[in-house]
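The chains referred to below are lettered A, B, ... by the order of the sequence lines, with proteins before strands, and numbering in each begins at 1. The structure presented is a predicted model; accordingly, all values stated were derived computationally and were not measured.
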Amino acid sequence: MMLDFKEELAKLVSSKFDSLKKEDILELIEIPPQEDMGDYALPCFKLAKLFRKAPNLIAEEITESIGNNQYFASINNVGAYVNFFVNREVMARTVLEEILDKKEEYGSANLGKGQNVVIDYSSPNIAKPFHVGHLRSTVIGNSLYKIYEFLGYNCIGINHLGDWGTQFGKMIAAYKKWGNDEEIRQEPIQTLLKLYVKFHEEAEKNPELENEGREWFKRLEDGDQEAERLWKWFVDLSLQEFNKIYDLLKIKFDYNTGESFYNDKMEEVVRLLKEKKLLKKSQGAYVVDLEDYDMPPCLILKSDGATLYPTRDITAAIYRKKTFNFVKALYVTDYSQSLHFAQWMKVIELMGYDWADQLEHIPFGRVSSEEGALQTRKGNVILLKDLLNKSIEKVRKIIEENNPELDNKDEVAKKVGIGAVIFNDLSNSKIKDIVFNWDRMLSFDGETGPYVQYTHARATSVLEKATYRVEKIKDYSLLTEEEAVNMIKLLQQFPEIVIKAMERNEPSFITRHIIDIAQAFNKFYHEYPILVDDREVQQARLLLVYGVKTVLKTGLALLGIEAPDKM
RNA sequence: GCGCCUGUAGCUCAGCUGGAUAGAGCAACGGACUUCUAAUCCGUAGGCCAGAGGUUCGAAUCCUCUCAGGCGCGCCA
């Protein structure tokens with residue numbers, strides 16, 4: 001385990017005062033806003049009651065009581081704060097040697113050893129195009145998968161495809177009327193979507209069509225051979241299209257079990273709900289009353305006896321608990337579904353399942369355009385395919401301008417172009433809405449994916465050109481410039497940032513942190529030559545560069561982004 | 001009408017389990033490539049933290065109300 005300065009600080013202070021417990025100190029420690037105030041600070045305001053003294057006097061007393069110490073170079077007090085300056089050489093050695101030792105595993109942990117986490121993400125609707133709105137669930141879920149895995153959990157990624165419902169009856173009806181196999185094979189999703197839209201247009205004029213759609217769905221549910229064959233065909237075609245995108249994004253799922261997977265499992269759940277006397281007839285439908293919990297009722301069965309969305313989610317949760325025995329099940333969807341999740345999760349609790357608190361909805365903000373909502377039917381959607389291609393294309397142009405000698409330009413352009421899109425999506429708090437804007441999307445300057453990737457490539461390039469090997473060094477006082485210390489501090493914080501990202505299910509913590517690291521590196525890079533003649537100095541700086549390169553690569557990987565060595 | 005979320009620089013956002021002088025990036029302006037990748041770096045300018053009360057030694061952060069925007073509130077998923 002790496003040396004933890006906070007821990008040492010708490011131990012140190014608590015050892016001097018009987019009334020202070022290590023844990024309490026740990027709670028109080030913070031990082032000062034300015035560097036000249038130290039690396040850690042202990043504000044003493046809250047100790048005033050305990051000591052019955054003014055905070056600044058307490059701070060003074062604590063400061064005086066601590067003498068020389070191997071981990072802290074100096075300790076002083078300013079007002080009510082005790083400021084700690086870590087011994088920079090000790091910090092540099094611990095952090096950099098740890099990275100050298102663990103390499104890309106630096107920051108990983110076994111917090112979740114032997115524990116399963118189910119993550120439900122992406123989940124696009126069959127026969128609908130994959131647009132920028134779907135990207136969010138996909139990349140957030142994928143990143144959470146990587147983060148949990150990095151911390152030792154065993155993850156199960158599920159793509160809960162929208163592959164069931166009345167719309168498939170309509171689709172089949174539309175196909176029977178106007179479908180053209182050849183056209184569908186060439187442009188499956190576009191063509192299916194066109195059929196779907198046409199169906200709705202025609203249905204306006206001729207309401208009889210709606211009945212035909214319902215009729216086909218009924219046949220599908222009853223296992224009619226033709227209906228099933230067509231449905232399966234639509235699903236396969238869509239999945240093939242989706243897989244092209246997933247391949248591009250390098251995203252995989254452990255299961256592609258869509259909504260239809262639970263068709264034959266819901267009856268049992270409805271029976272259970274009845275047995276537990278939770279089901280109540282209301283306006284013809286069956287619901288679970290949630291008035292005691294200040295929520296509207298949870299609809300379980302329609303008046304015609306058909307199941308609903310919550311029924312399926314409850315069934316899926318029970319199935320997944322049985323199958324994977326998860327300690328956590330995450331559902332990554334946009335926040336418009338928050339109430340829905342709160343409702344059915346409450347039903348799980350009311351059913352007596354003590355694991356209800358292991359279910360968690362991970363909501364994120366919605367994507368819209370400057371003109372308003374993105375709607376498939378309105379035709380103002382931005383297809384993810386188009387976005388990725390545009391991004392890759394732009395990167396390709398920049399490479400041609402900046403680095404025409406580069407070897408595999410297309411491959412690099414792909415990594416950077418896609419990285420830019422993913423990074424952009426994961427750079428703000430996930431709850432914030434996004435108004436899609438091409439210029440913003442395709443900007444590669446400043447706090448962007450390409451910036452971090454570029455920094456990584458720069459670092460890699462220096463290491464390649466180095467005269468000496470990267471290895472442990474003797475004299476860490478060679479790394480005490482302000483710019484170097486900043487970098488080392490950030491590298492040191494990386495492991496706790498990863499844990500925070502997991503605790504809050506917030507990949508943007510990692511995005512932000514690797515931007516900080518990249519900024520600190522670029523500043524140092526500009527200020528100090530690395531490949532200097534002096535062997536000792538060069539090796540010290542190389543070790544630092546190696547640390548940055550490694551952590552940037554790991555951080556990007558946790559976001560689901562590749563880090564090319566050259567760009 | 002009720003509930004949830006959001007409101008910080010011109011724009012996009014950090015900071016929100018209270019702590020020291022509110023930070024970045026973009027855009028604007030001015031600088032730095034004979035030197036390890038200028039997709040970079042440095043500097044200038046830009047703020048009544050939506051508004052009003054309250055709690056506190058201390059509030060962008062906690063509480064109450066108001067305003068603005070988004071989302072949701074029974075047979076879609």
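Look at Y451(A) and you won't find any side-chain N or O under 4.0 angstrom from OP1 or OP2 of U37(B). The phosphate of U37(B) has OP1 or OP2 within less than 4.0 Å of a side-chain N or O from S461(A). Contact annotation: K302(A) side-chain N/O to C76(B) OP1/OP2 distance is under 4.0 Å. Of the side-chain N and O atoms in S429(A), one or more sit less than 4.0 angstrom from OP1 or OP2 of A14(B). The side chain of N403(A) places no N or O atom within less than 4.0 Å of a non-bridging phosphate oxygen (OP1 or OP2) of U37(B). Considering only side-chain N and O atoms, K394(A) lies nowhere under 4.0 angstrom from the phosphate OP1 or OP2 of A39(B). Phosphate proximity of C57(B) to K46(A): absent, as no side-chain N or O sits under 4.0 Å from OP1 or OP2.
Because its glycosidic torsion is within 90° of 0, C33(B) is reported here as syn.
Contact annotation for L531(A): base contact, defined as any heavy-atom pair under 4.0 Å involving a base atom.
Across the strands present, C67(B) finds its partner in G7(B); the criterion is a Watson-Crick or G-U wobble pair with both atom distances under 3.5 angstrom.
Remark: K265(A) is positioned above the aromatic ring of F261(A), its terminal NZ or CZ atom under 6.0 angstrom from the ring centre and at most 45 degrees off the axis.
Side-chain atoms of I62(A) and C44(A), non-hydrogen and from C-beta on, do get closer than 4.5 Å to each other.
For a distance-only test at 3.5 Å, the side chain of S282(A) qualifies as a donor-acceptor partner of the base of G74(B).
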